[in-house]
2 protein chains.
Amino acid sequence: METLNAAELLAALGHESRLSIFRLLVEAGPDGVFASAIGEQLGLPAPTLSFHLAHLSRVGLIRGQKESRFIRYSAEFATMDELIAFLTHNCCQGQACLPKAAACDTIAKRRNPANGVSADSAAAACCKPDEQADQPEQ
Amino acid sequence: METLNAAELLAALGHESRLSIFRLLVEAGPDGVFASAIGEQLGLPAPTLSFHLAHLSRVGLIRGQKESRFIRYSAEFATMDELIAFLTHNCCQGQACLPKAAACDTIAKRRNPANGVSADSAAAACCKPDEQADQPEQ
DNA sequence: TTTATATTTCTATAATATTGGAACTATGGA
DNA sequence: TCCATAGTTCCAATATTATAGAAATATAAA
């Protein structure tokens, strides 16, 4: 992911209504939520909601799937994943940047086909060396 | 972290120049970089750079430490950490939301005082159940 | 004390984003 | 067909943000 692209994603999330929408969809999971339900839960007028949904869709953070009269929106987890990877990539030149972060030894299992995606996420916004070839620039 | 606060952080990062500054500081590590060096590397006029540094400082993503005539800026890793935690918190109601993410079993070591902060970071922007009491709302 | 350097503040301008009412389109049910 | 509902697009007012020159401040070196 390039800086410009990452900045677009971050800017899309950098608005209270859009962040609320995205978080709602992240918590909802892959099944997503109908647009009308989002608007109801967040109390947004339809045109405003539509504007923000379009913005989030345009940058690829959510996706809408039409179902008869409704549109079911869901989070694009892969995009969020890439964004977080960008933010934390090559932190501190791959050195342990936090005093306590001595045990940076679980990287190998990241995206290991054997166990899929590991569960640690926000653990350390740091310490992800380059040598592991984990999408250094895709 | 509240939604409004997280949105402010994301908005701060949602600008190409500021994101470049922040990434530069993340890669630089805890020692940070002098403001002048940042401006040189990114080719930003001094007032523009100052404007963006002030913005990032205000929201707490970076910190500036004066050293004689210079100011040494460094990333606030803890803030980035909290932001990523907010983004990924309670994803998919704590269920595995990605087909492959069956092995969500390494959460317990998150922030374990024994090994400090674990190395996995961008691994899965998902699957962080609530039950672990890992800052659900601080 | 003068000068150079690092950085900020002031300022005006330009560009961009947000908002929601009104009107429109699409779909399904009566 | 007619109506209700879900959602979008249009539009204009408003608000916010970014930009960089010029001037100001602070520090150190000559």
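Chain letters run A, B, ... following the sequence lines, proteins first, then strands; residues in each count from 1.
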- Where does the chain A footprint on DNA chain C start and end, counting 5' to 3' with a 4.0 Å heavy-atom cut-off? dT18(C) to dG28(C)
- Comparing Thr48(A) and Tyr73(B) on DNA chain C - which has the more 5′ nearest nucleotide: Tyr73(B)
- Note on the structure: Between Phe22(A) and Leu56(A) the two heavy atoms that sit nearest each other are N-CD1, 4.5 Å
- If a pair satisfies salt bridge (Lys or Arg N to Asp or Glu O under 4.0 Å) and one of its residues is in residues 5-18 of chain A, list it, with sequence neighbours excluded. none
- Note on the structure: Under a side-chain separation threshold of 4.5 Å, the hydrophobic residues clustered together with Leu4(B) are none
- Can you sort out the partners of Pro45(A) under side chain to side chain contact (heavy atoms under 4.5 Å, CB included), two or more places apart, ordered by chain and number? Pro47(A), Thr48(A)
- Query: Got a sec, which residues hit side chain to side chain contact (heavy atoms under 4.5 Å, CB included) with Ala35(B), two or more places apart in sequence or on another chain?
  - Reply: Leu53(B), Tyr73(B)
Is there any protein nitrogen or oxygen under 3.5 Å from a nitrogen or oxygen in nucleotides 28-30 of chain D, and what are the pairs?
none

- Interface with DNA chain D, restricted to residues 11-20 of chain B and to heavy atoms under 4.0 Å: His15(B), Arg18(B)
- Query: So how far off straight is the helix from dT1(C)-dA30(D) to dA30(C)-dT1(D), going by the axes through five pairs at either end, to 10°?
  - Reply: 20°
- Within residues 51-66 of chain B, the residues having a heavy atom closer than 4.0 Å to DNA chain C are none
- Whole Å only: how far is the CZ atom of Phe70(B) from the P atom of dT27(D)? 13 Å
- Item | For Ala28(B), all residues meeting side chain to side chain contact (heavy atoms under 4.5 Å, CB included), sequence neighbours excluded | Val33(B)
- Going by heavy atoms closer than 4.0 Å, what residues in residues 36-45 of chain A are next to DNA chain C? Pro45(A)
- Note on the structure: Taken in chain and number order and not counting sequence neighbours, the residues that satisfy side chain to side chain contact (heavy atoms under 4.5 Å, CB included) with Ser50(B) are none
